[in-house]
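Have a look at the structure below before the remarks.
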Amino acid sequence: MLSIALSELIQIFRNRLVLLTSFVVPVAPCAFFIYRHEVFADLGSLGYIAAVVMFTVGAFGLYTTTVTTLASRRQNLFLKRLRSTPASDAAILVGLTLPVTVLATVQVVVILTVLAAVTGAPDSLPLLAAAVASTVAMMLALGLATAGLTNSPEHAQVTTLPVSLGAIGVSTWVGITGTQELTELKRLLPGGAATELVLNAWNGGASLTDSLPLLLPTLLWVAVAFLLASRMFRWEPRR
C-alpha cells in the first residue's frame, strides 16, 4: 500500500496540470475569501468562510482529483495490473487515494490556520477537527462512487460537476441562511450538516451535545457512498 501511495505521490508532482487544477486553483478562491473576510463575515459569518473554503478544497482538491485519478488509472490499465500483484483491492484503493487525501487535508488545515491568524481562533478546535475529518471522509467516499460512473479523465469533467458544485452550493446556502428554516432538508443534503458543525465550531453559541449529532448525516453519506462504490466501481475499462 505504501509503495503504491509513494508512486502515486510522485506522479502527482510530475503532472503539472494536476498540481495546477487540483491544488493551486482551489487556493485562489480561498485566498480571496480570507482577503475579503470582513465582507463575507457580514454576509454570513466567519464560520461561513471556514465552511466554504473547506468545501472548495474538498470538492476540487480531493473529490475531483480522486475521480480523475482513478479514471485515468483504469483507462491505462494500471488498475488491472495492480490487481495482479499480492496487494488487496482495499490496499490498492487506499494507496492510490492516500496522497491526494493527505494533500487536501493539509491544504484545509493550512488555510483555516491562516484564517484563524487573520480573524481570531475558532471557538472549538475539537468540533472543527471533527467537521474537517468527516467532510474529508465524505468527499473521498463520493469520489470513489463517482469513479465507478466515469469512463475517462475527460469524462470526469462532467461527472464530478453535480457533486462538487452541489456541495459548495449547499455550504453557501446553509452558511448564509443558517438552519432555522428547512432544518431537516439542509442537514440531510451533502455538506449541510458539516457546514452547520463548522458554524458552531467557529462561531460558538451551540453546546457540544447539540453539535455532535450533526456528524451523523455526514457519516451516513460516507456509508451510502462506500456502498455505491462497492457496487459500481470497475477495475477495467468498459469494452
Looking only at non-hydrogen atoms, find the nearest pair between T159 and T146 and report the distance.
-> O-CG2, 3.7 Å
Would you say L79 and E236 make side-chain contact, with heavy atoms under 4.5 Å?
-> no
Are the side chain of R187 and the backbone of P217 linked by a donor-acceptor contact shorter than 3.5 Å?
-> no
What distance do H37 atom NE2 and Y35 atom OH have between them, rounded to the nearest 0.5 Å?
-> 10.5 Å
Shortest non-hydrogen contact from L144 toward F233 | O-CD1, 3.8 Å
Would you call the rings of Y48 and F33 parallel, tilted or perpendicular, where under 30° means parallel and over 60° means perpendicular?
-> perpendicular
Of all heavy-atom pairs linking G178 and K186, the shortest is O-NZ, 2.7 Å
Connected via hydrophobic side-chain network under 4.5 Å: V108 and V100 | yes
Closest contact, heavy atoms only, T135 versus A194 = OG1-CB, 3.5 Å
Quick one: which of L127, I49, L128 gives a side-chain contact (heavy atoms from CB on, under 4.5 Å) with W202?
-> L128
Does some side-chain heavy atom of L199 sit less than 4.5 Å from a side-chain heavy atom of S45?
-> yes
Any side-chain heavy-atom pair from V132 and L112 closer than 4.5 angstrom?
-> yes
Residues L115, I111; criterion side chain to side chain contact (heavy atoms under 4.5 Å, CB included); working and verdict | CA-CA 6 Å; L115 177 63; I111 292 170; 5.7 Å; no
Distance-only polar pair, side chains of S164 and T64, donor-acceptor under 3.5 Å = no
How long is the gap from OG on S211 to CD on E196, to the nearest 0.5 Å?
-> 7.5 Å
So T150 and Q75, side chain to side chain contact (heavy atoms under 4.5 Å, CB included) or not? Walk me through it.
-> CA-CA 10 Å; T150 306; Q75 187 180 52; over 6 Å; no
F60 reachable from V27 in the ILVMFWY side-chain graph, under 4.5 Å edges | no
Identify whether L46 and I176 are in the same connected component of the hydrophobic contact network (ILVMFWY, side-chain heavy atoms under 4.5 Å).
-> yes
Rounding to 0.5 Å, atoms CG (L189) and CH2 (W221) come to a distance of 7.5 Å
L188-M139 co-clustered via ILVMFWY side chain contacts under 4.5 Å = no
Hydrophobic cluster membership, L43 vs V198, 4.5 Å side-chain cutoff = yes
Hey, is CZ on R231 packed in by over 12 heavy atoms from elsewhere, all under 6.0 Å?
-> no
For the residue pair N203 and D123, what are the closest heavy atoms and their distance?
-> C-CB, 4.3 Å
How long is the gap from OG1 on T97 to CG on L140, to the nearest 0.5 Å?
-> 5.0 Å
Quick one: CG on L197 to OG1 on T218, what's the gap to the nearest 0.5 Å?
-> 7.5 Å
Quick one: do T195 and V170 satisfy side chain to side chain contact (heavy atoms under 4.5 Å, CB included)? Show the steps, please.
-> CA-CA 8 Å; T195 297; V170 169; 5.5 Å; no
Would you confirm whether S171, through its side chain, and A167, through its main-chain N or O, come within 3.5 Å as a donor-acceptor pair?
-> no
Check: T68 main-chain N/O paired with S72 side-chain donor or acceptor under 3.5 Å = no
Could you check L82 against L96 for side chain to side chain contact (heavy atoms under 4.5 Å, CB included), going step by step and ending with a plain yes or no?
-> CA-CA 11 Å; L82 283 177; L96 290 173; 4.3 Å; yes
For A87 and I4, the nearest pair of non-hydrogen atoms, with its separation, is CB-CD1, 4.4 Å
Side chain S230, main chain L227, donor-acceptor under 3.5 Å = yes
About how many Å separate CD of Q157 and OG of S152, when rounded to the nearest 0.5 Å?
-> 8.5 Å
